[in-house]
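Sequential numbering from 1 along the given sequence is applied to the chain's residues. Values reported hereafter were calculated over all heavy atoms of this structure, with side chains retained and with hydrogens, waters and symmetry mates removed.
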Amino acid sequence: MALASVDSRASVGLQSPAVRIEVHLSAGLPGLAMVGMPEAGVRESKDRVRSAIINSGFTFPQQRITINLAPAELPKEGARFDLAIALGILAASQQLPESALNQLCCVGELGLSGDLRAVRGVLSDSLASLQAGQRLLVPQANALEARLVTEARVLSAGTLSSVVEFLRGQQDAVEHASLPAVISHDAVFRHDLSQVKGQFGARRALEIAAAGGHSLLLYGPPGSGKTLLASCLPSILPPLNCERQLQVTALHSLINHPRELSSQPPFRAPHHSATRPALIGGGSGIPRPGEISLAHAGVLFLDELPEFDRHVLESLREPLESGEVWIARAKHQLCYPAQFQLIAAMNPCPCGHKGAKPDICRCTPEQTARYAGRISGPLLDRLDLSIRVDAVPLTLLRANSAPSECSAVVRKRVMTARARQAARQGDVLNANLPAAGLQTQLDVKANEFLQSVGERMALSARAYHRVLRVARTIADLEAADVVSAAIVAEALTYRQRPT
């Protein structure tokens, strides 16, 4: 009878709770039993582990094997426990000294030949192992991702046999020092505002949205530049700091295998056929982050907004207010961050030419109303800025036309406005300011003007406070401490709504 234990970690959202793999060998008919709430992918690991041990030149015990994944109340899924289970079996069968597994956390999937394959969520494992004072052993394909955590002690290997040889002390393994998290301020963007001709009102709205973190709706005829404008927003946003980079990369590591930290804010543009779980998050087993979480600290662009399913759009209302999304399932309840800037684009009518010059729209009023009605009033009320984007005159598209202002110049103004916000209110952007105290930043004329115009426009309480937040951002761009009536008037012009 022999007993051995190995440390590993589960992946539950952005958390990596510790899991102790206990292996017990006893007399009886050969067989393997696994307990501790393993999901289907974990239960299948017994066949992978057996083949990997045999094909790596080791002996698979012909005894009764019981494997316990503790704590039992924590659901486990995926193949990330393969390596720990294999090492536990080898240690319990005296093929590996158990003392070599002390203060070692093992994560990795095994192939039938004994090679180690990458798993998702290793960045969170690296953060948790550092806090626990453990070394982290991962497949070579995950090494760069795990090394993104400062001071983390990361070991990597390509095969099960090389891991055993290292733990036996028969060969040296390189302990990788973490890579520095370098923030690059000279990121190369695919789209630049210099590519946008004309559209001065839309450019101004885009700059205000970037400076205050506001949501923005662009509506107008096809080909007027709505998609290009939205694609230029990341190029005028400030770079992410180290903390944000790690948080964003940890979210993306649940979907793919990132190899570097990026200072560039994420930009996500899902197709209008996206389902609610794809946009919000979910799926079978442990819920995965959706597009709104993958756009955290960046931009979520929804092109052709009315073409999205109405129930999908309505699910955005709560995350837009709270900056996070709760996903509840029968066995899991997870919270993912979702502080994103929503940029939406749409046509004014089904054919797209309502209000254009010349007027070639053939849509009936009923068709236009039904098209605009696909977007609910409560969702529109949550959009800080809304502006019509008309077609660009052809004279501005000539090769010898005056060049437009580039993104680098606009980004400097945005960063100056963000610095004013940080000095006044810390890390809170203007778009997220609490309602209390907003009105005190207006002068007397601005207050009276907003009250009178707001009543005529029938602004809701939410819309009223959003106008105040946009006005505060315009004042920051103009380096003004007090919000004037002229600034409020400009903020009100961005409450246009498609009809």
Side-chain angles (χ1 to χ4, degrees), residues 189 191-193 196 198-221 224-238 265-270 272 279 291-292 295-306 308 313 316-317 319-321 323 338-348 372 375-390 407 410-411 413-414 417-418 421 429-433 459 462-463 465-474 476-477 487 490-498:
F189 297 94
H191 298 284
D192 191 277
L193 276 177
V196 180
Q199 305 296 8
F200 304 108
R203 289 171 62 102
R204 172 68 169 173
L206 198 70
E207 182 176 341
I208 295 172
H214 302 285
S215 53
L216 171 64
L217 172 64
L218 303 168
Y219 68 95
S224 57
K226 304 185 296 295
T227 301
L228 177 59
L229 282 163
S231 301
C232 290
L233 180 56
S235 67
I236 63 176
L237 291 176
F267 181 84
R268 307 291 298 188
H272 58 74
L279 196 66
E291 292 291 337
I292 65 172
H296 176 66
V299 180
L300 176 68
F301 176 46
L302 301 183
D303 201 2
E304 305 295 344
L305 186 66
F308 282 81
L313 293 180
L316 293 175
R317 286 159 53 174
L320 279 172
E321 293 285 344
Q339 294 179 355
F340 59 93
Q341 277 187 262
L342 175 61
I343 308 298
M346 63 176 290
N347 298 324
I375 308 169
S376 69
L379 179 60
L380 283 175
D381 209 36
R382 285 169 167 80
L383 299 178
D384 296 343
L385 301 101
S386 176
I387 188 170
R388 182 179 173 92
V389 183
D390 287 311
S407 293
V410 179
R411 184 166 62 247
R413 295 199 295 266
V414 170
R418 289 278 185 104
Q421 296 174 48
L429 295 177
N430 285 340
N432 303 320
L433 281 175
L459 295 178
R462 179 186 291 112
H465 290 123
R466 289 186 182 275
V467 169
L468 289 176
R469 295 184 180 100
V470 172
R472 181 65 266 174
T473 300
I474 297 174
D476 288 334
L477 284 169
I487 292 176
E490 181 181 359
L492 286 168
T493 62
Y494 300 118
R495 296 300 299 181
Q496 305 173 35
R497 290 291 184 255

- Just by distance, do the side chain of Lys226 and the backbone of Val389 share a donor-acceptor pair under 3.5 Å? no
- How long is the span from the CD1 atom in Ile487 to the CG atom in Leu492, to the nearest 0.5 Å? 12.0 Å
- Item | Reported CG-to-NE2 distance for the pair Leu279 and His272, which is rounded to 0.5 angstrom | 13.5 Å
- Query: Partners of Arg469 by salt bridge (Lys or Arg N to Asp or Glu O under 4.0 Å), sequence neighbours excluded?
  - Reply: none
- Could you walk me through whether Ile375 and Met346 pass side chain to side chain contact (heavy atoms under 4.5 Å, CB included), step by step? CA-CA 10 Å; Ile375 308 169; Met346 63 176 290; 3.5 Å; yes
- Item | Heavy-atom pair with the smallest gap, counting every atom of Arg203 and Leu193 | NH1-O, 2.8 Å
- Can you tell if the side chain of Leu233 reaches within under 4.5 Å of the side chain of Leu216, non-hydrogen atoms only? no
- Task: Looking only at non-hydrogen atoms, find the nearest pair between Pro234 and Val299 and report the distance.
- Result: CG-CG2, 4.4 Å
- Note on the structure: One should read off an interatomic distance between Leu218 CG and Asn347 CG, to the nearest 0.5 angstrom, of 11.5 Å
- Item | Residues Ser224, Asp390; criterion side chain to side chain contact (heavy atoms under 4.5 Å, CB included); working and verdict | CA-CA 6 Å; Ser224 57; Asp390 287 311; 5.9 Å; no
Side chains of residues 204-213: which donor-acceptor pairs under 3.5 Å do they make with residues two or more places apart or in other chains?
residue	atom	partner	partner atom	Å
Arg204	NE	Glu490	OE2	2.8
Arg204	NH2	Glu490	OE1	3.4
Arg204	NH2	Glu490	OE2	3.4
Glu207	OE1	Arg413	NH2	2.9
Glu207	OE2	Arg413	NE	2.8

- Query: Side chain of Gln341, backbone of Ala297: donor and acceptor closer than 3.5 Å?
  - Reply: no
- Message: For a quick test of reading the model, state the closest non-hydrogen atom pair linking Tyr494 to Ile474 and the distance between them.
- Response: CE1-CD1, 4.3 Å
- Of all residues at least two apart in sequence or in a different chain, which pass the salt bridge (Lys or Arg N to Asp or Glu O under 4.0 Å) check with Glu304? none
- For Asp381, check salt bridge (Lys or Arg N to Asp or Glu O under 4.0 Å) against everything at least two apart and list the hits. Arg462, Arg495
- Item | Value rounded to 0.5 Å, distance of CZ in Arg418 from OG1 in Thr473 | 9.0 Å
- Could you list the residues that satisfy salt bridge (Lys or Arg N to Asp or Glu O under 4.0 Å) with Arg466, not counting sequence neighbours? Glu321, Asp384
- Min side-chain heavy-atom separation Pro266-Phe340 under 4.5 Å: no
- Query: From Asp303 CG over to Ser231 OG, what is the distance, rounded to the nearest 0.5 angstrom?
  - Reply: 8.5 Å
- Does the pair Ile343 and Leu300 meet the rule for a side chain to side chain contact (heavy atoms under 4.5 Å, CB included), with working shown? CA-CA 6 Å; Ile343 308 298; Leu300 176 68; over 6 Å; no
- Keeping the roles fixed (side chain from Ser386, backbone from Gln496), state whether a donor-acceptor pair exists under 3.5 Å. yes
- Please step through side chain to side chain contact (heavy atoms under 4.5 Å, CB included) for the pair Val196 and Cys232, ending with a clear verdict. CA-CA 9 Å; Val196 180; Cys232 290; 4.2 Å; yes
- Task: Write down the atom of Leu379, the atom of Arg317, and the distance for their closest heavy-atom approach.
- Result: CD1-CG, 4.2 Å
- Message: Any heavy-atom pair between the side chains of Val414 and Pro238 that's under 4.5 Å?
- Response: yes
- Message: For Ser376, give me all partners under side chain to side chain donor-acceptor pair (under 3.5 Å), at least two apart in sequence or on another chain.
- Response: Glu314
- Message: Quick check: closest heavy atoms across Ala345 and Phe301, and the distance to 0.1 Å?
- Response: CB-CE1, 3.9 Å
- Item | Distance, nearest 0.5 Å, that separates CZ of Arg472 from NE2 of His214 | 10.5 Å
